[in-house]
Amino acid sequence: MTTFRTIDEPARPLRVVQVGAGGMGRAWLDTVAASPDVELVGIVDLELDAARAGAARLGVPELSVDTDLARLAQNTRPDAVLDITVPVAHYPVTLQALALGLPVLGEKPAAASVAETLALAAASEVHGELFMVSQSRRYNDQLVALKQHAGLLGRVGILSTQFAKAPHFGGFREQMDDVLLLDMAIHAFDAARYLLGADPVTVYCESYNPSWSWYRGDAAATAVFEFEGGVRYTYEGSWCSPGLETSWNGAWRVSGERGTALWSGDDEPASEVDGHPGAPASLPSGGHEIAGSLAAFVRALRTGKTPDGEVHANVLSLAMVEAAIASKNSARRVDIGAMLELALAQAADAEQHDDVRRQLQSWDSASTALVNAASTAKVAPAV
Ligand SMILES: NC(=O)c1ccc[n+]([C@@H]2O[C@H](COP(=O)([O-])OP(=O)(O)OC[C@H]3O[C@@H](n4cnc5c(N)ncnc54)[C@H](O)[C@@H]3O)[C@@H](O)[C@H]2O)c1
């Protein structure tokens, strides 16, 4: 059930500790420093020098830094934790913060696997604390406008994303397996769920590595998802396609019974409805990227209304990634609901914390736990 402790003292900023001060951590530190809603009271990193460099970056070298969250929390009494560590650390760091009685805003993906994400959803229930995943690309006024255009099209049946970039990151990305699906595609998959307001049912996926690719793992993939109601979502992506690249958001097309909407990912979207340009109502801005998710997190803690990205609601975005990888590995269409139930059994088997394991075992099924959370949530508006 998605009810969580609120922090109902709007007169003062929320005191936050950030865990993880690497590449993305630096962007978060700048965003936290620029927000009047939060006050940074400490930085935790396994590499103390990274935490110190983060404090120095903000011009507060005297800020509390540590390698241990529990110790720093004891000394600084924060209201909340930002988990900007690497994906494999999301489960232990977020679980520790929730058990300390602290709500968490964490970078995507929620955890390294769907099973770990279900355990974190159960931990959030056990401790009554919010765990929100920052799916930052949802916070984009053009994406919100595309959804408004899609609302003019009558029944929507076809959605597609074409993503073509050619970045040379160096480092771990060029060595990892399934680099495109694991590191990038979740943004588009999550946006597809947002646009359709529906959930995925099955996926068939092929991934591959073009002969000139500079990545070890597959840098290109095509996935066809069936959503509720028979809607199809096709994702065609590549991280080794130099020339005439798409935007980082990818190029989107939505087709419905009365027309089509297009978005380049960088410009205002447009639509044609019954042969005329579509002109939907515009919505107020929900903020941009991580600043938008930080504002939504604070708003949720102030109001008790469930934000976009609350962990139960986010599980299926990561499940789309895992199911796409399972499909390309088995060369079969994968049933996402069945995969979710398997992940619940794995989560309960692996869970070492008795309270979290009991909570997982109390769920009738993973899908009902996610549906129940959604139906009991006081849902905050998307913007
Ligand atoms: N939203 C986006 O567009 C976007 C872009 C890039 C990265 N990310 C996400 O941000 C997260 C961080 O990525 P990054 O590129 O900053 O990685 P990074 O490797 O540059 O930095 C991670 C930092 O976390 C620290 N760390 C690791 N495990 C820890 C633990 N258990 N406790 C404390 N500190 C720990 C490391 O020492 C390092 O300083 C990842 O989940 C990644 O997927 C999101």
Side-chain angles (χ1 to χ4, degrees), residues 87 90 106-118 120-121 132-138 143 147 156 158-163 176-207 217-239 249-250 252-254 308-344 346-347 365-367 369-371 373-374:
H90 289 178
E107 254 300 344
K108 66 84 198 164
S113 67
V114 172
E116 285 187 355
T117 306
L118 291 173
L120 290 178
M132 170 180 162
V133 183
S134 172
Q135 212 63 72
S136 56
R137 281 170 195 271
R138 270 205 192 188
L143 178 68
K147 188 174 167 78
V156 166
I158 309 167
L159 177 66
S160 66
T161 313
Q162 197 172 50
F163 175 84
M176 67 190 273
D177 291 336
D178 303 310
V179 58
L180 180 82
L181 288 169
L182 273 177
D183 204 52
M184 190 65 213
I186 192 166
H187 290 298
F189 295 175
D190 180 71
R193 290 181 61 217
Y194 165 73
L195 282 172
L196 293 172
D199 281 324
V201 181
T202 65
V203 61
Y204 179 75
C205 178
E206 290 190 9
S207 77
D218 286 354
T222 299
V224 182
F225 291 91
E226 180 181 346
F227 270 67
E228 294 162 326
V231 177
R232 293 299 193 279
Y233 168 56
T234 307
Y235 173 83
E236 188 189 337
S238 164
W239 245 347
N249 290 311
W252 291 76
R253 174 178 281 266
V254 192
D308 256 14
E310 189 280 329
V311 61
H312 295 80
N314 186 255
V315 170
L316 279 167
S317 297
L318 183 57
M320 288 173 78
V321 174
E322 220 162 86
I325 291 172
S327 170
K328 67 99 189 173
N329 283 341
S330 62
R332 294 201 175 156
R333 202 173 195 218
V334 167
D335 181 315
I336 294 172
M339 201 201 70
L340 210 55
E341 301 313 326
L342 207 60
L344 174 57
Q346 286 165 352
S365 69
S367 55
L370 302 189
V371 169

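When reading the values below, keep in mind they use all heavy atoms of this one structure, side chains included, and skip hydrogens, waters and symmetry mates.
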Peer 1: When rounded to the nearest 0.5 angstrom, what is the spacing between CG in Asp190 and CG in Asp308?
Peer 2: 8.0 Å
Peer 1: Do you know the tightest heavy-atom contact between Pro109 and His90?
Peer 2: O-ND1, 2.6 Å
Peer 1: Taking C-beta and beyond as the side chain, do Val156 and Leu196 meet within less than 4.5 Å on heavy atoms?
Peer 2: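 Answer yes - side chains close enough.
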Peer 1: Within the side chain of Glu322, is there an N or O that forms a donor-acceptor pair under 3.5 Å with the backbone of Val114?
Peer 2: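 Judged by distance alone, yes, a pair lies under 3.5 Å.
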Peer 1: Measure the spacing between OG of Ser238 and CE of Met184 and express it to the nearest 0.5 Å.
Peer 2: 12.0 Å
Peer 1: Any heavy-atom pair between the side chains of Leu181 and Cys205 that's under 4.5 Å?
Peer 2: yes
Peer 1: Show your working on side-chain contact (heavy atoms from CB on, under 4.5 Å) between Leu143 and Asn249 and close with a plain yes or no.
Peer 2: CA-CA 9 Å; Leu143 178 68; Asn249 290 311; over 6 Å; no
Peer 1: I'd like to know if the side chain of Glu228 reaches the main chain of Asp199, judged simply by a donor and an acceptor atom lying under 3.5 Å from each other, with no hydrogens or angles considered.
Peer 2: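 A pair under 3.5 Å: yes.
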Peer 1: Using side-chain contact (heavy atoms from CB on, under 4.5 Å), reason through Leu180 and Asp218 one step at a time and then give a plain yes or no.
Peer 2: CA-CA 7 Å; Leu180 180 82; Asp218 286 354; over 6 Å; no
Peer 1: Return the CZ to OG1 distance between Arg253 and Thr234, rounded to the nearest 0.5 Å.
Peer 2: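 So the CZ of Arg253 and the OG1 of Thr234 are separated by 12.0 Å.
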Peer 1: Roughly how far, to the nearest 0.5 Å, is the OG atom of Ser327 from the CZ atom of Phe225?
Peer 2: 8.5 Å
Peer 1: Does Gln135 offer a backbone N or O that forms a donor-acceptor pair with the side chain of Arg137 under 3.5 Å?
Peer 2: no
Peer 1: Taking side chain as C-beta onward, heavy atoms only, is Leu340 less than 4.5 Å from Val315?
Peer 2: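 The answer is yes, as the side chains (C-beta and beyond) meet within the 4.5 Å cut-off.
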Peer 1: Can you name the salt bridge (Lys or Arg N to Asp or Glu O under 4.0 Å) partners of Lys328, sequence neighbours left out?
Peer 2: Asp178
Peer 1: Could you report the tightest heavy-atom contact between Ala324 and Val203, atom names first, then the distance?
Peer 2: N-CG1, 3.8 Å
Peer 1: Which atoms form the tightest heavy-atom contact between Leu195 and Leu159, and what is the distance?
Peer 2: CD1-CD1, 4.2 Å
Peer 1: Is the shortest side-chain heavy-atom distance between Glu226 and Tyr204 below 4.5 Å?
Peer 2: no
Peer 1: Would you name the heavy atoms of Asn314 and Gly309 that are closest together and state the gap between them?
Peer 2: CB-O, 4.0 Å
Peer 1: So which heavy atom on Ala366 is nearest to which on Leu118, and how close?
Peer 2: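 Distance-wise, the nearest heavy atoms are CB-CD1, 4.4 Å.
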Peer 1: Check whether any side-chain heavy atom of Lys108 lies under 4.5 Å from a side-chain heavy atom of Ser136, and answer yes or no.
Peer 2: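 The answer is no; the side chains never approach within 4.5 Å.
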Peer 1: Just do the side-chain contact (heavy atoms from CB on, under 4.5 Å) check on Arg193 and Phe227 with the steps written out, would you?
Peer 2: CA-CA 9 Å; Arg193 290 181 61 217; Phe227 270 67; 4.0 Å; yes
Peer 1: Taking the six-membered ring where the residue is Trp, are the ring centres of Tyr235 and Phe189 under 6.0 Å apart?
Peer 2: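 Ring-ring flag for Tyr235/Phe189: true, centres closer than 6.0 Å.
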Peer 1: Measuring from Ile158:CD1 to Arg232:CZ, what's the distance to the nearest 0.5 Å?
Peer 2: 10.0 Å
Peer 1: Minimum heavy-atom separation for Leu120 and Ala110, please, with both atom names.
Peer 2: CD1-O, 3.8 Å
Peer 1: Backbone N or O of Trp252 within a donor-acceptor pair of the Thr161 side chain at under 3.5 Å?
Peer 2: no
Peer 1: Rounded at 0.5 Å granularity, tell me how far OG in Ser207 sits from CG in Asn329.
Peer 2: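 Taking OG in Ser207 and CG in Asn329, the distance rounds to 7.5 Å.
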Peer 1: Should Ser367 and Glu341 count as side-chain neighbours, where that means a heavy-atom distance under 4.5 Å?
Peer 2: yes
